[in-house]
Protein chains: 2
Amino acid sequence: MKLRAIKPVRETQTRILDAAEELFLQHGFEGASMRMLTTRAGVNLAAINYHFGSKDALIEAVLRRRLDPMNSNRVAALDRIEAQAAGRPLEPEAIIGAFVGTSLRMIEDSRGGGRNFIRLLGRTYTDPDKQIRALIGQLYAPAMERYKAAFTRALPGLPRDELVWRMHFMFGTLSYTLAATDTVQLIAGFKAEDRYDARLLEARLTAFLAAGLLAPLQNGAAVRKAA
Amino acid sequence: MKLRAIKPVRETQTRILDAAEELFLQHGFEGASMRMLTTRAGVNLAAINYHFGSKDALIEAVLRRRLDPMNSNRVAALDRIEAQAAGRPLEPEAIIGAFVGTSLRMIEDSRGGGRNFIRLLGRTYTDPDKQIRALIGQLYAPAMERYKAAFTRALPGLPRDELVWRMHFMFGTLSYTLAATDTVQLIAGFKAEDRYDARLLEARLTAFLAAGLLAPLQNGAAVRKAA
DNA sequence: GTCTATATCATGATAGAC
DNA sequence: GTCTATCATGATATAGAC
């Protein structure tokens with residue numbers, strides 16, 4: 001009987017992706033060199049080009065690995081509450097909760113290293129590199145359209161232009177909050193243990209965003225119909 | 001009578017700062033090389049080190065050139081509305097308007113090239129480089145403290161923890177909106193001419209942020225006293 | 001103050017042995 | 001699949017002529 005070599009703990013590709021996720025967050029896509037990545041991953045310098053083809057392709061792989069399932073989760077969360085509602089119109093708070101909750105639950109998932117990715121993601125929307133912003137916009141578009149449709153159904157009194165801006169504001173608040181979990185310290189002087197209580201943060205964020213989404217229109221009209 | 005050489009249109013230092021402002025925005029602090037900067041500025045490669053000492057020092061100079069006056073303007077706007085109120089408590093909307101308006105007015109100031117800077121600033125808060133984030137936090141801290149005090153006086157019913165988070169959310173919405181004025185296109189499909197109407201954007205942002213700041217607390221209590 | 005020329009080092013990528 | 005060795009390029013920074 002022939003003995004096979006013991007498999008490494010994680011596949012080389014996974015080791016590279018994990019290292020890249022962490023180092024891209026700390027140094028940016030440009031600032032993290034391939035030497036840094038391969039050293040951290042414990043693999044050879046040539047491994048990135050062998051497994052992914054180029055550094056750019058690696059960046060895309062890092063983003064897709066978590067973003068594709070995350071978008072599926074987001075859409076699934078929306079499907080779930082729509083099924084529960086059984087045809088009745090959704091509460092805007094429930095839609096926001098589905099969107100925000102998907103991100104924040106990744107922060108808690110310490111095993112999957114999702115926290116690094118969530119913070120990385122928050123930065124990526126404002127990355128200097130235009131191609132990276134285009135990629136992320138493209139990866140997001142389908143889920144965003146689904147949520148836009150859901151908001152439109154839930155809030156027929158909100159004009160389309162206004163909805164798009166308010167979704168933009170909501171998205172901005174979320175992604176900044178995810179990206180800047182250490183800057184807040186500098187600005188406000190937080191206790192460290194307060195920062196990653198995802199449940200409390202989710203409640204606070206949802207309340208803030210729902211109020212903003214439902215703000216009175218400039219002509220004074222209410223957005224939500226009276227109950 | 002001795003003739004002096006004609007002065008260049010702008011000083012070398014200003015030319016470098018202007019070029020850096022634009023190229024840092026387009027390529028990030030790390031991605032914009034000194035060669036790119038000096039070529040764009042039409043000066044010699046050695047000029048940056050001669051005038052600023054290093055690339056890092058140039059980055060700080062670029063930020064300080066506009067951030068210091070901007071913070072002064074922010075505080076002055078607050079002083080002004082406090083003087084107008086003559087001792088009466090301020091409306092939270094007025095405080096938000098003072099803060100937001102200072103940023104958005106820089107976008108309109110096409111002469112000073114403030115728009116580039118505002119977008120650059122929006123990115124800087126989530127820059128990968130820790131020193132840059134620390135610098136920006138430090139430059140912002142005094143003005144932020146003034147605004148925190150103003151909000152505290154205007155909203156005695158809002159607990160301090162909650163106020164700090166909501167200020168964080170407001171700041172995030174603003175900075176993301178400033179940084180991502182092109183990403184919004186990808187997400188929502190905007191008409192281009194709509195994007196830089198600063199007056200309209202200011203009204204929309206202020207309404208959104210004020211509603212979020214005044215969102216009911218988790219125990220259902222209202223934040224603002226009834227009139 | 002401004003330039004040329006250069007020192008020194010790190011980068012992404014690849015060729016070829018094993 | 002993984003390694004070593006190396007290439008071509010571009011980075012920041014500086015020395016020294018003018």
Side-chain angles (χ1 to χ4, degrees), chain A residues 2-63 65 124 127-132 135, chain B residues 2-63 127-132 135:
Chain A
K2 223 169 77 180
L3 289 178
R4 276 183 307 171
I6 296 167
K7 269 257 178 104
V9 183
R10 286 171 299 165
E11 297 289 341
T12 300
Q13 288 165 20
T14 306
R15 303 242 302 279
I16 292 173
L17 288 171
D18 289 343
E21 197 167 69
E22 186 178 348
L23 293 172
F24 284 155
L25 170 66
Q26 286 168 19
H27 301 100
F29 294 112
E30 262 207 84
S33 71
M34 292 174 67
R35 279 171 178 78
M36 288 167 68
L37 303 180
T38 50
T39 301
R40 171 68 62 98
V43 301
N44 188 270
L45 173 60
I48 287 179
N49 282 307
Y50 177 78
H51 285 285
F52 297 95
S54 71
K55 187 182 179 184
D56 281 348
L58 172 64
I59 292 173
E60 180 163 348
V62 166
L63 293 176
R65 174 172 68 147
T124 305
D127 194 273
D129 188 298
K130 208 167 188 169
Q131 292 193 332
I132 288 178
L135 172 64
Chain B
K2 225 168 75 180
L3 289 178
R4 276 182 307 170
I6 296 166
K7 269 257 177 101
V9 183
R10 287 170 300 165
E11 297 288 341
T12 300
Q13 289 165 20
T14 306
R15 303 243 299 283
I16 293 172
L17 288 171
D18 289 343
E21 198 166 69
E22 188 178 345
L23 293 172
F24 283 156
L25 170 65
Q26 286 168 20
H27 301 100
F29 293 112
E30 264 207 84
S33 71
M34 292 175 68
R35 277 175 176 78
M36 289 167 66
L37 302 180
T38 50
T39 301
R40 170 69 61 98
V43 302
N44 188 269
L45 174 61
I48 287 179
N49 281 306
Y50 177 79
H51 284 286
F52 297 94
S54 71
K55 189 182 178 183
D56 281 349
L58 171 64
I59 292 173
E60 180 162 348
V62 167
L63 292 176
D127 194 272
D129 189 298
K130 207 166 189 170
Q131 291 193 333
I132 288 179
L135 172 64

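Letters A, B, ... mirror the listed sequences (proteins, then strands); counts begin at 1.
One interatomic measurement links the two molecules: OH of Tyr50(B) to P of dG1(C), which rounds to 5 Å at whole-angstrom precision. Whole-Å rounding puts the Asn44(A) CG to dA5(D) C1' distance at 11 Å. The distance between atom CE of Met36(B) and atom P of dA11(D), rounded to the nearest whole Å, is 8 Å. Between Leu37(B) atom CG and dA11(D) atom P there is a gap of 10 Å when expressed in whole angstrom units. In this structure, CD1 of Ile48(B) is placed 16 Å from C1' of dG1(C), rounded to the nearest angstrom. Nucleotide dG1(D) holds its C1' atom 14 Å from the CZ atom of Phe52(A), rounded to whole Å. Distance Lys55(A) NZ to dA10(C) C1': 12 Å, rounded to the nearest Å. Asn49(A) places its CG atom 19 Å from the P atom of dT6(D), with the value rounded to the nearest Å.
Separating the CG atom in Leu23(A) from the OG1 atom in Thr38(A) is a distance of 10.0 Å, to the nearest 0.5 Å. The CD atom of Glu21(B) sits 9.5 Å away from atom CG of Leu63(B), with the distance rounded to the nearest 0.5 Å.
In the set dT2(C), dT12(D), dT14(D), the nucleotide with an atom closest to the side chain of Ala46(B) is dT14(D). Side-chain atoms of Ser54(B) lie closest to dA13(D) of the nucleotides dT4(C), dA13(C), dA13(D). The side chain of Leu45(B) sits closest to dA13(D) out of dA13(D), dC3(D), dT11(C). Here the nucleotide nearest the side chain of Met34(B), chosen from dA11(D), dA13(C), dA13(D), is dA13(D).
The heavy-atom pair separating Phe29(B) from Lys55(B) by the smallest distance is O-NZ, 3.0 Å. The two residues Leu58(A) and Ala20(A) come nearest to each other via the heavy atoms CD2-CB, 4.2 Å. Across all non-hydrogen atoms, the minimal contact from Glu30(B) to His27(A) is OE2-O, 3.6 Å.
Between dG1(D) and Thr12(A), no contact under 4.0 Å exists linking OP1 or OP2 to a side-chain N or O. Not one side-chain nitrogen or oxygen of Ser33(B) sits closer than 4.0 Å to the OP1 or OP2 atom of dG10(D).
Arg35(A) contributes no side-chain N or O that forms a donor-acceptor pair with the base of dA10(C) under 3.5 Å.
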